[in-house]
Amino acid sequence: MKRVRWGVLGCSGFARRRAIPAMLQAPLVDLVAVASRSLEKAEEYATHFGIPKACGSYQALLEEPGLEAIYIPLPNGLHGEWMIRAAERGIHSLTEKPFTADAHEARRVADAAARCRVQVMEGFMWRLHGQHRRAREAARAGTIGTIRLVRSSFTFQLERKQNIRLSTALAGGSLRDIGCYPVSTARFYFEDEPVRVYAAANIDAEVGVDMRVSGILEFPQGRALVDCGFDLPRRTHLEIVGESGSITVPKPWLPDPEAEIRINDSIERLPEQNQGVEEFEHFSRCVRTGTPCEYGPDDAVRQMKVLDAMLRSIRSGRPEDV
Ligand SMILES: NC(=O)c1ccc[n+]([C@@H]2O[C@H](COP(=O)([O-])OP(=O)(O)OC[C@H]3O[C@@H](n4cnc5c(N)ncnc54)[C@H](OP(=O)(O)O)[C@@H]3O)[C@@H](O)[C@H]2O)c1
């Protein structure tokens, strides 16, 4: 199969550490260009990774002849705008989580993608890792009975310096940045949407973003308890509890190469896998074959509706319908 010609918007720290090394390992990815608001920065990045073309603006990258797909590791508040601009040029987008700033913007992206016949996907690479496929297969097979509770957490200590996560204008805050993981994971295991949510948060007095959030998501079949925060020690945790057993995933979102899950009393080790490579391969294959992505824009709209309802609940102090 012919490789897909990819570009990257922004010289992001995460992309430098994880995403670009994964793209360079993915057989279907041909990484041809990187863009930054500063040409000098783009050139440094391009030289470091051996990327042929450096662009001094994001728009210039979209105008590169033959470009087929972009990866967007920009601040959360810019994902939507650049997915729409790319769609209008017939370019497919894989964007970092969260998909957009809110569900309204997510809907606009989904409509643009449909109108322009391009693929768009929210970059939750964990969903493509075998440990979750195996855990869900075990749950579907009835190993733990009907799922009634999903408990999951994602917290870490954010250094108090300039950071996109501390900006309301860039759609920062702990819920959109990392709370999106427990929320998407609960939706993944219930295979459904919550109907009502309640969330409480600590809002930073200086910068105005939510620093720590606890939430209850009411699904038709059970509940999810989720928490996230920028001001607690590093913790990631996932437990799926059914009527007759439970599954624990100790490293749900950034697993070691050889992941391990516990299904009731037995521990299962999964074969070594790089979920970043899986994600870029999956998206590239969908672009090349025209097969819809496993997690398309409608899924992303539903995810953003849950985050919006939680943010409404934080403001109102009451449960909110999704
Ligand atoms: N999937 C994961 O595990 C994971 C992990 C971490 C982060 N992320 C996501 O990746 C995205 C980037 O996060 P990051 O930690 O890599 O952030 P970062 O290092 O701050 O990178 C963001 C990039 O966006 C560009 N940018 C454009 N407008 C900006 C503005 N007004 N202020 C600051 N930067 C601006 C900058 O690139 P130029 O200056 O080159 O234009 C910057 O390098 C976020 O959406 C985040 O949620 C995902």
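When a ligand or atom number is given, it counts from 1 through the structure's own listing order.
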Check each of [options] against [atom] and report the one with the nearest heavy atom.
atom	options	answer
atom 1 (N) of ligand 1	Glu96, Lys41, Arg176	Glu96
atom 30 (C) of ligand 1	Arg37, Arg17, Glu279, Lys97	Arg37
atom 26 (N) of ligand 1	Gly276, Pro75, Ala171	Pro75
atom 43 (O) of ligand 1	Cys11, Gly123, Gly10	Cys11

Ligand-side contact atoms (ligand 1) for residue partner [X], heavy atom cut-off under 4.0 Å:
X	result
Ser36	38 (P), 39 (O), 40 (O), 41 (O)
Gly13	16 (O), 18 (P), 19 (O), 21 (O)
Leu78	27 (C), 28 (N)
Asp177	47 (O)
His79	45 (O)

Considering only protein heavy atoms, which is closest to [atom], and at what distance to one decimal place?
atom	value
atom 16 (O) of ligand 1	Ser12 OG, 2.8 Å
atom 3 (O) of ligand 1	Tyr181 OH, 3.2 Å
atom 5 (C) of ligand 1	Phe14 CD1, 3.1 Å
atom 32 (N) of ligand 1	Leu170 CD1, 3.8 Å
atom 22 (C) of ligand 1	Pro73 O, 3.7 Å
atom 33 (C) of ligand 1	Ile164 CG2, 3.5 Å

Note: [X]-[Y] ion pair, threshold 4.0 Å (strictly below):
X	Y	value
Glu44	Arg16	yes
Glu68	Arg5	no
Glu191	Arg140	yes

*asked:* Applying the side-chain contact (heavy atoms from CB on, under 4.5 Å) criterion to Leu158, which one of Leu166, Asp231, Asp177 satisfies it?
replied: Leu166
With a cutoff of 4.0 Å, is [X] in contact with ligand 1, counting heavy atoms of the residue only?
X	result
Trp126	no
Arg165	yes
Tyr58	yes

*When clusters are formed from ILVMFWY side-chain contacts under 4.5 Å, directly or step by step, what else is grouped with Ile267?*
none
*Would you mind telling me if ligand 1 is within reach of the side chain of Leu74, the backbone, both or neither, using heavy atoms under 4.0 Å?*
both
_Measuring only between side-chain heavy atoms, which start at C-beta, is Thr185 closer than 4.5 Å to Trp126?_
yes
*Within a strict 4.5 Å, meaning less than it, do heavy atoms of the Arg288 and Leu28 side chains meet?*
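The answer is no; the side chains never approach within 4.5 Å.
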*asked:* Would Arg127 pass as a cation-pi partner of Tyr295, given that its NZ or CZ must be under 6.0 Å from the six-membered ring centre and within 45 degrees of the axis?
replied: yes
_If you apply the rule ring-ring contact (aromatic ring centres under 6.0 Å, His included), what do you find for Tyr71 with Phe280, and how did you get there?_
CA-CA 9 Å; Tyr71 165 59; Phe280 285 107; 5.3 Å; yes
*Return the orientation label for the Trp253 and Phe154 ring planes: parallel under 30°, perpendicular over 60°, tilted otherwise.*
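Rings of Trp253 and Phe154: parallel, under 30°.
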*asked:* We want to know whether Glu279 and Gln275 form a side-chain donor-acceptor pair, criterion being a heavy-atom distance below 3.5 angstrom.
replied: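 Side chains of Glu279 and Gln275: no pair found under 3.5 Å.
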*Looking only at N/O atoms, are Met125 and ligand 1 under 3.5 Å apart anywhere?*
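Between Met125 and ligand 1, no N or O pair is found under 3.5 Å apart.
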*Mind listing the closest non-hydrogen atom pair of Gly123 and Glu96 along with its distance?*
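In terms of heavy atoms, the two residues are closest at O-OE1, 3.8 Å.
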